[in-house]
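Right, one structure below, let's go through it.
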2 protein chains.
Amino acid sequence: MTSSPATGAVLSPAEMSERTGVSIDTLRYYERERLLQNVARAESGHRRYSEDDVLWVEVLRCLRETGMTIEQLRHYCELGAQGDHTEPERYRMLMTHRALVEDQIAERTQALQLIDHKLGFYAAAAATETPS
Amino acid sequence: MTSSPATGAVLSPAEMSERTGVSIDTLRYYERERLLQNVARAESGHRRYSEDDVLWVEVLRCLRETGMTIEQLRHYCELGAQGDHTEPERYRMLMTHRALVEDQIAERTQALQLIDHKLGFYAAAAATETPS
DNA sequence: GAACAACCTGGAGCGCACTTCAGGTCAAGG
DNA sequence: CCTTGACCTGAAGTGCGCTCCAGGTTGTTC
């Protein structure tokens with residue numbers, strides 16, 4: 001009985017890129033930056049990504065797209081690699097980032113209002129310049 | 001009776017930076033990139049920003065912070081300078097950007113869910129490792 | 001066994017939005 | 001007058017997050 005010898009499906013770089021929407025070059029870049037650790041290799045030396053890797057890359061993208069820097073992500077990964085005793089700090093990191101994301105939502109909600117205001121202005125102008 | 005000979009208050013670069021939260025260098029950069037046009041000058045050649053400039057810079061920041069590029073902003077400005085007949089296109093630009101901002105909000109709302117999920121995981125782990 | 005695609009590595013290059021620099025001008029205070 | 005600080009210009013530099021390149025290996029297909 002194997003404990004968890006890597007999740008069933010195993011993906012080539014091209015498949016991984018397809019699945020995650022992240023380019024092959026970026027996947028390698030993340031690995032160089034240690035955001036993606038212990039990626040399996042075929043005997044040929046070619047990478048074989050697991051389903052767990054897919055999930056993790058999705059987390060990475062989620063955090064990146066909301067503004068977490070590569071350096072912060074690396075720190076978060078390194079904490080994870082250091083073991084369970086770093087959980088409190090990882091928790092704090094996520095809480096901090098959570099607040100940032102909420103700020104972004106608030107900022108964008110305000111932006112929508114400003115945009116709608118300007119859109120309303122254009123609509124009014126259009127109505128005025130062709131009165132009938 | 002003057003029609004609108006520039007808004008009352010007039011601000012030095014330092015004051016403008018203070019008011020808008022945009023650095024003096026960035027203000028000059030925006031002007032070079034033609035995002036900010038017809039900035040008044042004192043006889044000395046020093047810039048004098050109007051209240052209208054303040055409002056416009058606030059719009060610029062709002063659009064920039066939500067991901068509109070400098071190039072797009074320049075295009076938007078150029079349309080404005082070209083006269084009223086470009087309003088339909090400016091309207092379309094804003095509508096397009098509006099959709100983008102809504103996507104960002106949706107994306108970030110999803111991100112919050114993922115973050116909360118992970119936060120929940122850490123909370124559960126903390127509860128388990130110290131059962132009492 | 002030859003060609004071709006997919007992969008490997010280390011390192012250089014790129015695009016964007018600023019930011020800094022060098023070298024000078026202007027205006028007020030002592 | 002002389003200094004000091006805020007301002008001016010054109011141009012070069014920076015930091016980030018990728019993205020691309022050169023030169024080489026692997027492995028499938030005809």
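Per chain, numbering begins at 1; letters A, B, ... match sequence-line order. Note that these values count all heavy atoms, side chains included, but never hydrogens, waters or copies made by symmetry.
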Whole-Å distance, Asp25(A) CG to dC8(C) P, equals 10 Å
Can a side chain N or O of Thr26(B) be found less than 4.0 Å away from OP1 or OP2 on dT19(C)?
yes
Rounded to whole Å, the OH-C1' distance (Tyr30(B) to dC16(C)) equals 12 Å
Let me know the distance between CD of Glu43(B) and P of dA28(C), rounded to the nearest Å.
12 Å
What is the nucleic acid contact for Arg48(B), judged by heavy atoms within less than 4.0 Å: base, sugar-phosphate only, or nothing?
nothing
Report the nucleotide, chosen from dT19(D), dC8(D), dC18(D), that has the shortest atom-to-atom distance to any side-chain atom of Arg64(A).
dC18(D)
Could you pull out all donor-acceptor pairs under 3.5 Å where a side-chain atom in residues 42-49 of chain B meets a protein atom, sequence neighbours excluded?
residue  : atom : partner  : partner atom : Å
Ser44(B) : OG   : His46(B) : N            : 3.3
Arg47(B) : NH1  : Glu31(B) : OE1          : 2.8
Arg47(B) : NH1  : Glu31(B) : OE2          : 3.2

Base, sugar-phosphate or nothing for Arg74(A)? Non-hydrogen atoms, less than 4.0 Å.
nothing
Reported CG-to-CE distance for the pair Leu73(A) and Met68(A), which is rounded to 0.5 angstrom:
5.5 Å
What's the spacing between Tyr30(B) OH and Asp53(B) CG if we round to 0.5 Å?
14.0 Å
Just to be sure I follow the notation: if a pair is Watson-Crick (purine N1 to pyrimidine N3 plus N6-O4 or O6-N4) or a G-U wobble (N1-O2 and O6-N3), each under 3.5 Å, what dot-bracket string does DNA chain C give, with | for pairs to another strand?
||||||||||||||||||||||||||||||
CG of Leu27(B) versus C1' of dT9(D): gap in Å, rounded?
16 Å
Check the distance between dG13(C)'s P and Tyr29(A)'s OH and give it to me in whole angstrom.
18 Å
Indicate yes or no: does Arg28(A) engage Glu33(A) in a salt bridge with an N to O separation below 4.0 Å.
no
Does the side chain of Arg28(B) get closer than 4.0 angstrom to OP1 or OP2 of dC8(D) through an N or O atom?
yes
With nearest nucleotide decided by heavy atoms, which residue, Pro13(A) or Gly67(B), maps closer to the 5′ end of DNA chain C?
Pro13(A)
Answer yes or no: is there a donor N or O on one side and an acceptor on the other, between the side chain of Thr69(A) and the main chain of Gln72(A), under 3.5 Å?
yes
Counting side-chain heavy atoms from CB outward, which of dC26(C), dT19(C), dT9(C) is closest to Arg32(B)?
dT19(C)
Just call it for Arg47(B): base, sugar-phosphate, or nothing, with non-hydrogen atoms closer than 4.0 Å on any strand.
sugar-phosphate
Using 30° and 60° as the class limits, which term best fits the ring planes of Tyr91(A) and Tyr122(B): parallel, tilted or perpendicular?
perpendicular
Where the side chain of Ile24(A) is concerned, which of dC18(D), dT9(D), dC7(C) is the nearest nucleotide?
dC7(C)
From the candidates dC7(D), dT19(D), dC18(D), the one with an atom nearest any side-chain atom of Ser23(A) is dT19(D)
dC8(D), dA17(C), dT9(C): which one has an atom nearest the side-chain heavy atoms of Ile70(B)?
dA17(C)
Charged N to carboxylate O below 4.0 Å: is that the case for Glu102(B) and Arg98(B)?
yes
Specify the residue among Gly45(A) and Met68(B) whose closest nucleotide of DNA chain C lies further upstream toward the 5′ end.
Gly45(A)
Would you mind telling me which residue lines up with the more 5' stretch of DNA chain D, Ser44(A) or Thr69(A), judged by nearest nucleotide?
Thr69(A)
